[in-house]
Amino acid sequence: MNQPLRLGVAGLGTVGASVARILARNGEAIAAKAGREIVLAGACARDRSRDRGVDLSRVAWHDDPVALARDPGIDCVVELIGGEEGAARACVEAALAAGKPVVTANKALLARHGLALARLAEERGVALAFEASSAGGVPVVKALREALAGNRVRRVYGILNGTCNYILSRMEAEGLSFAECLADAQRLGYAEADPTFDVEGFDTAHKLSILTSLAFGVALDSEAIYVEGISKIAPLDLAMAKELGYRVKLLGVAERTKTGIEQRVHPTMVPRTSAIAQVMGVTNAVTIDADAVGELTLIGPGAGGEATASAVIADIVDVAAGHVRPAFGMPAGRLERLERAPMQRHEGGYYIRLSVFDRPGSAAGIATRMAQGDISLESIIQHRARSADVDPTGRSGTPVPVVLITYATTEAAIREALARIHADGLVAEPPQVIRIERD
Ligand code: NDP
Ligand code: HSE
């Protein structure tokens, strides 16, 4: 058998400790698949004294991830620290510069520096592997880069953040608060070190930029993504979605359009009977629509230590077997510049919840502004106000929620109409706007 592959694992938190535990548990079977033994030779974290649930007594400890990367006793560096700069970036750059393959789950780092890191890996002739960076345990990176290499992709979209899907699922099913659900997602190891990245949509955007590059053969450009998170989704929106036959999901969508590649991340109303609406909890789902294969959906655990470590180990096995592929499916120099489709041209249906002053003429004023924007309304829903708020004369103007569902229109038309409704003094608060995805 060949020489063992000596791993240096930087970061022994949720994912790193799981990688070490799976290697200890399944080492023999993994070695058989890799063609050689894989040993945990070095490790690094902030707190050496913390119990990681795995025997580290024969592992070389480093306090500094760069020192770990440069250690001549390490053949392959597994970066599981996280963050787009700082220790994670320094560790990966040091490893690649030393001609060592790198395995990472760090989508923030890749979204920001993926192209430069891919170039560095190519120069040194080593692998930069990142299956775990997108959709956790779901093998979507390999699917796009290898299994679908013969296709021209039209669209890739899905639920890419386990934390958000877990929060939305539990808020809807159990009526729990946003804060309670987020705290549970953190306790279960799903959330990022800074959960703002999850709930404000940035983590989904990082993953989407990686998938866009793989799907369309373009350079990563996370700045070109329109991003909205779920932190402003109210229980009322989830209840209205249910009443209207929808469910709210945070989707990442990348699509080839006439004006370029549209990339967007936002809460979305999806038909309650659709396949994507059935994806609940920490599960992720990615649908790829391509010319040869047609439509393909991958569904599985999107976050959590063991599921993510499963993807990390798949990359380690590739490295051990000597596979070196261009990180984003083709040499970095051949990736095209991403032509950005402006969000203002996005077309689709909209859910709009307004807090309307309940007085004569309000509804007519809103309908007029929508009609002026050539926006057709599929339905208007106004529930009776709480009895405590009801003014028997109907003249006080107490704000009441009014929900509009539009037929397909453009983002520009919706923004313009809402700005006019606001300027007319018809609403008490900024509107809630949720895009509808009907197919
Ligand atoms: P954790 O926060 O659980 O673990 C981070 C680890 O990095 C800890 O062991 C920490 O040390 C160590 N660390 C932090 N800063 C330093 C530093 N300056 N020097 C050395 N070590 C450091 O993160 P996760 O395991 O959840 O995530 C790791 C990576 O995997 C991230 O890029 C994340 O985005 C990605 N990922 C995570 C998934 C998940 O479900 N959790 C899923 C997919 C990807 P110590 O333990 O001593 O504090
Ligand atoms: N915080 C991420 C999520 C981890 O919840 O999806 C997986 O990338």
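Order of listing sets the numbers, starting from 1, for every ligand and every atom in it. Remember, predicted model here, so these are calculated numbers, not experimental data.
By the 3.5 Å distance cut-off applied to N or O atoms, Leu12 is counted among the residues near ligand 1. The shortest N or O to N or O distance between Gly13 and ligand 1 is under 3.5 Å. Taking only nitrogen or oxygen atoms, main chain and side chain alike, Gly162 reaches within less than 3.5 Å of ligand 2.
Ligand 1 is never approached by Gly136 to a heavy-atom distance shorter than 4.0 Å. Heavy atoms of Glu79 stay at 4.0 angstrom or farther from ligand 1.
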Fill in: Glu228 vs Arg264, salt bridge (Lys or Arg N to Asp or Glu O under 4.0 Å): CA-CA, chis, key distance, verdict
CA-CA 8 Å; Glu228 263 179 43; Arg264 51 193 167 89; over 6 Å; no
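Between Glu339 and Ile261 there is no side-chain heavy-atom pair separated by less than 4.5 Å.
Counted by atom type alone, Asp237 and Tyr351 present one or more donor-acceptor pairs between their side chains at under 3.5 Å. No hydrogens or angles considered: nothing links the side chains of Thr410 and Glu347 as a donor-acceptor pair under 3.5 Å. Side-chain N/O atoms of His206 and Thr204 include no donor and acceptor closer than 3.5 Å.
For Ala191, every heavy-atom contact with ligand 2 shorter than 4.0 Å involves the backbone, none the side chain.
Ranking the protein heavy atoms by distance from atom 7 (C) of ligand 2 puts Gly302 O, 3.2 Å first. Of all protein heavy atoms, the one closest to atom 8 (O) of ligand 2 is Lys107 NZ, 2.5 Å.
For ligand 2 and Asp198, the ligand atoms under 4.0 Å from any heavy atom of the residue are 1 (N), 2 (C), 3 (C), 5 (O). Taking every non-hydrogen atom of Pro65 and a distance limit under 4.0 Å, the qualifying atoms of ligand 1 come out as 19 (N), 20 (C).
At least one protein heavy atom sits closer than 4.0 Å to atom 34 (O) of ligand 1. For atom 26 (O) of ligand 1, the nearest protein heavy atom lies closer than 4.0 Å.
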